[in-house]
Amino acid sequence: MPYSQTHLAAALDLLERSALAEAHPWLLEGRAKGAFLLGSIGPDARVVGGISRDATHYYAIPRQTDAPIEEVFFAQCPSLRRADDLSRENAAFVAGYVAHLIMDVAWLETVVMPALFIEGITWEPGHPHWDIYNMLMAYLEVRGSRRLPEDIPDLLEGTDPSRWIPCLPDEVLAEWARHIAHVIPESGPQHVIRLLSRSVSMPYEAFVRTVSDRDRLLEATTPTVHTGHLEAFWRTTDDRSMAAVLDYLSTVEASA
């Protein structure tokens, strides 16, 4: 599934859209903005907490239900369902968390299952589509990193989680915020590129060239994954995320 800088860039795109900015200007300010951004990478804090993916993402692969992932999430976390029952920072975090889950499920529905999944073949190095998947993940991270402003690390490190979500302890979220805040200025997408390149059957230099340029990427991944798949992914992510975040925050007053 997409990595942190991909999720952060998508979260910023949401904040820049007039529908959200006009309905909830408080979400663009200081600690609330930082909480929203941390929520947008929150499910992957499991990495530093040693927590299972299913426990923080609320679905298995393949998914066992067609229900929208936000409905599944709130059914399992009923204390978070009403944003106006929470502090603004907590509500912002949950809104970002929901956006993350929606992006991951959109990737699953528009790219992984229709183009990459093969029934009966284990997902591991050697899978016929393993190289393509890793190229796509690295490309998304390169694309996302180019869209992040310089203040993202400060916003993440300025968060102060306080029982924001049952599946992740405060200290795990805080450690994850610090980790990503340090990775972004120190290595940008290179951390993910190095990680993913280790298990593909192509030289590192060729991998870097491919994931750094959209045309090279499409040349390498088409027809298995092509422009239509990527366009469907972004469209689905944008539409579903915006609708879900606006719906969730609809009970929160627009001004203090």
Side-chain angles (χ1 to χ4, degrees), residues 1-7 9-10 41 43-44 46-47 50-73 76 98-145 189-241:
M1 298 297 115
Y3 283 81
S4 292
Q5 292 177 74
T6 306
H7 280 289
I41 60 172
D44 293 336
R46 68 178 191 84
V47 173
I51 301 168
S52 73
R53 189 182 188 284
D54 289 3
T56 63
H57 286 70
Y58 302 92
Y59 68 91
I61 300 174
R63 290 189 74 207
Q64 304 303 306
T65 176
D66 292 330
I69 187 60
E70 63 270 27
E71 291 183 8
V72 176
F73 170 70
Q76 296 192 44
V98 165
H100 177 114
L101 297 179
I102 288 172
M103 172 179 265
D104 277 6
V105 169
W107 184 253
L108 187 66
E109 292 177 345
T110 61
V111 179
V112 174
M113 298 309 295
L116 299 174
F117 181 78
I118 301 176
E119 186 71 40
I121 300 182
T122 303
W123 188 251
E124 61 185 4
H127 186 285
H129 296 150
W130 184 261
D131 284 7
I132 290 176
Y133 182 81
N134 282 279
M135 284 189 284
L136 289 166
M137 289 291 92
Y139 164 74
L140 291 182
E141 198 71 350
V142 170
R143 178 185 183 276
S145 70
Q190 296 307 312
H191 173 74
V192 168
I193 289 174
R194 287 193 296 270
L195 176 69
L196 296 177
S197 69
R198 291 170 185 162
S199 64
V200 299
S201 57
M202 59 191 302
Y204 176 77
E205 292 76 11
F207 185 80
V208 172
R209 286 194 299 272
T210 300
V211 304
S212 299
D213 181 86
R214 183 176 182 274
D215 290 340
R216 285 197 180 100
L217 176 87
L218 290 173
E219 182 179 353
T221 62
T222 302
T224 304
V225 174
H226 49 73
T227 304
H229 290 111
L230 296 180
E231 289 177 348
F233 165 62
W234 289 119
R235 182 173 61 252
T236 302
T237 296
D238 292 346
D239 292 348
R240 290 185 184 174
S241 295

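If you're wondering where the values come from, they're calculated on a predicted model, not measured in any experiment.
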Which pair of heavy atoms, one from S4 and one from I41, lies closest together, and at what distance?
O-CG2, 3.6 Å

Among D54, L108, D104, whose side-chain contact (heavy atoms from CB on, under 4.5 Å) with I61 holds?
L108

Apply side chain to side chain contact (heavy atoms under 4.5 Å, CB included) to D66 and E109, showing your working.
CA-CA 10 Å; D66 292 330; E109 292 177 345; over 6 Å; no

For H129 against W123, the heavy-atom pair lying closest together:
O-CH2, 3.8 Å

If you define the side chain from C-beta out and look only at heavy atoms, does anything of V112 sit under 4.5 Å from Y133?
yes

If you draw a 6.0 Å radius around CD in E219, do more than 12 non-hydrogen atoms from other residues or ligands fall strictly inside?
no

Are any non-hydrogen side-chain atoms of F207 and I193 less than 4.5 angstrom apart?
yes

Return the CG to CZ distance between N134 and R198, rounded to the nearest 0.5 Å.
12.0 Å

Please check: side-chain N/O of W130 versus main-chain N/O of S201, any donor-acceptor pairing under 3.5 Å?
no

For the residue pair H7 and H100, does the interplanar ring angle fall in the parallel (under 30°), tilted (30 to 60°) or perpendicular (over 60°) class?
parallel

Any idea which heavy atoms bring V211 and A138 closest together, and the distance?
CG1-CB, 3.6 Å

Say whether, by atom type as modelled, one donor and one acceptor occur between the side chain of S145 and the main chain of V142 under 3.5 angstrom.
yes

Is the closest side-chain heavy-atom distance between L101 and H57 below 4.5 Å?
yes

Is any side-chain heavy atom of V192 closer than 4.5 Å to one of M137?
no

Give, for atom CG of L136 and atom OG1 of T224, the distance between the pair rounded to the nearest 0.5 Å.
9.5 Å

If you measure from CD1 on I132 to CG on L116, what distance do you get to the nearest 0.5 Å?
6.5 Å

Min side-chain heavy-atom separation Y59-Q64 under 4.5 Å
no

Nearest heavy-atom pair of M135 and M202: which atoms, and what distance?
SD-SD, 4.0 Å

Of all heavy-atom pairs linking S241 and A99, the shortest is OG-O, 3.9 Å

Under 3.5 Å side-chain donor-acceptor pair for R63 and Y58
no

Given side chains that start at C-beta, do those of V105 and I102 come closer than 4.5 Å, heavy atoms only?
no

For residues I118 and H127, report the shortest heavy-atom separation together with the two atoms involved.
CD1-CE1, 3.8 Å

Is there side-chain contact between M103 and W234, with at least one heavy-atom pair below 4.5 Å?
yes

With heavy-atom distances below 4.5 Å as the criterion, would you say the side chains of W107 and T6 are in contact?
no

So, does T65 use its side chain to make a donor-acceptor pair with the main chain of A67 at under 3.5 Å?
yes

Quick one: pull up OG1 in T210 and CG in D131 and give me the separation to the nearest 0.5 Å.
10.0 Å

Rounded at 0.5 Å granularity, tell me how far CD in E231 sits from NE2 in H226.
10.0 Å

From T56 OG1 over to D44 CG, what is the distance, rounded to the nearest 0.5 angstrom?
6.5 Å

Between the main-chain N or O of Q5 and the side-chain N or O of E141, is there a donor-acceptor pair closer than 3.5 Å?
yes

